[in-house]
Amino acid sequence: MPELPEVETVVRLIRGPVEGRRIVGATVHWRRTVGARDFEARVSGARIARVWRRAKYIVIDLERRSKPAGAIVGHLRMTGRLHVEARGVDPGPYKKVELALDDGRVLHFVDVRKFGRFEYVEDAERELADIGPEPLSDAFTPDWFHAALRAKRRVLKPLLLDQTFLAGLGNIYVDESLHRSGLHPLAKSDRVKPDAAARLRDEIRAVLSEAIEREGSSFDVFYRTPEGNPGSYQDQFCVYGRDGEPCRACGTIIERLVVGQRGTHVCPRCQPRRTRR
DNA sequence: ATCCTATCCTGGCTGC
DNA sequence: TGCAGCCAGGATAGGA
């Protein structure tokens, strides 16, 4: 659901309203969302220095007296939302945390379910140290990718979903990237040839970039940008959620299977189980 | 090392 | 129409 493009969209739209603001008060409506009992004390009075993204995490760097003072690390999981509203706006029954800002506005963390997290940490870099490279960064080179795939002996799709291997991909964008590269989700990672790895790397970057341009994907009521708008990348889906419909590339009916307990969508013609020749 | 299952949650869908 | 039951999904823990 919220994967890299959706989280990136949230970060970009939250950044303007909150960077530079001071948190003048914190209200926790659901304790498990923030974990620690002292969340309110840790964040109250701090200034928001920077908002950034790592994988699917939203990081809000804090400072006190111009010195780093920990961070808030948020994760939307499936249904979390972050948005800034004028004081007095009721975010509805699923509100979990709210941060009052010094301009009178309020940053809301809302979640229909209770999987999302919005926690204070001393050292965000350390907390996120085990995550793999950012697919849109220069570190994600074809050579690195091919070597990394070969070093693992895993089924391709679950490996791509593994955040310690590569950051930010979720069910939707993995299915789309695999389709565009002509690779089957059940392929073994160590059997992916250098040119196929390079192709997959390019398609991952293209899919993510295009999805960011379109402010992510919305196909149910859950994901909305902080401004309340749906994304539009769902209109570009080639396979995700299209089982039973014809492949846009070849007309073959898209199939749904389960890989690593995840609903998985493939075109059996574009993504042959065994590599041709 | 890798894989599999359960857990957390709730709205929405399916089938009777 | 009403309702029970199932499913989706990201991350993580624990077991095989």
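Here the structure is a predicted model, which means the values were calculated and not measured. In what follows, chains carry the letters A, B, and so on, assigned in the order in which the sequence lines appear, proteins first and then strands, with residues in each chain numbered from 1. Basis for what follows: all heavy atoms, side chains included, without hydrogens, waters or symmetry-related copies.
- Set against B:dT10, B:dC3, B:dT2, the side chain of A:Val155 has B:dC3 as its closest nucleotide.
- Side-chain atoms of A:Gln261 lie closest to B:dT5 of the nucleotides B:dT10, B:dT5, C:dA11.
- In this structure, the nucleotide among C:dA11, C:dA8, B:dT2 sitting nearest to the side chain of A:His75 is C:dA11.
- Nearest-nucleotide mapping onto DNA chain B: of A:Gly260 and A:Trp30, the residue sitting toward the 5' end is A:Gly260.
- Ring centers of A:Tyr120 and A:Phe39: at least 6.0 Å apart, outside the cut-off.
- A salt bridge between A:Arg47 and A:Asp102 is absent, with no side-chain N of the basic residue lying under 4.0 Å from a carboxylate O of the acidic one.
- Within the nucleic acid shown, A:Tyr57 comes within 4.0 Å of sugar-phosphate atoms alone, with no base atom in reach, counting heavy atoms only.
- When all heavy atoms are compared, the tightest approach of A:His184 to A:Leu257 is CE1-CD1, 4.2 Å.
- Both A:Arg77 and A:Ala151 lie near DNA chain B, and the one whose nearest nucleotide falls closer to the 5' end is A:Ala151.
- Of the candidate nucleotides B:dT2, C:dG10, B:dT10, B:dT10 has the atom lying nearest to any side-chain atom of A:Tyr94.
- Here the nucleotide nearest the side chain of A:Phe115, chosen from C:dG10, B:dC3, B:dT2, is C:dG10.
- Remark: the A:Arg262 side chain and the C:dG10 base include a donor-acceptor N/O pair separated by less than 3.5 Å.
- Between A:Lys152 and B:dA1 there is no side-chain polar atom (N or O) within less than 4.0 angstrom of OP1 or OP2.
- Using N1 to N3 plus N6-O4 or O6-N4 for Watson-Crick, or N1-O2 and O6-N3 for G-U wobble, each under 3.5 Å, B:dA6 pairs with C:dT12.
- Within the structure, every side-chain polar atom (N or O) of A:Gln163 is placed at least 4.0 Å from both OP1 and OP2 of C:dG10.
- If you take NZ of A:Lys114 and P of B:dT7, they are 18 Å apart, rounded to a whole angstrom.
- A:Lys157 has its NZ atom 19 Å from the P atom of B:dT2, to the nearest Å.
- Rounding to whole angstrom units, CG of residue A:Asp111 and P of C:dG10 are separated by 14 Å.
- A salt bridge is absent between A:Glu119 and A:Arg37; no separation between the charged side-chain nitrogens and carboxylate oxygens falls under 4.0 Å.
- No salt bridge links A:Lys56 with A:Glu6; every basic N to acidic carboxylate O contact stays at or beyond 4.0 Å.
- Side-chain proximity of A:Arg154 to C:dG10, C:dA8, B:dT2: nearest is B:dT2.
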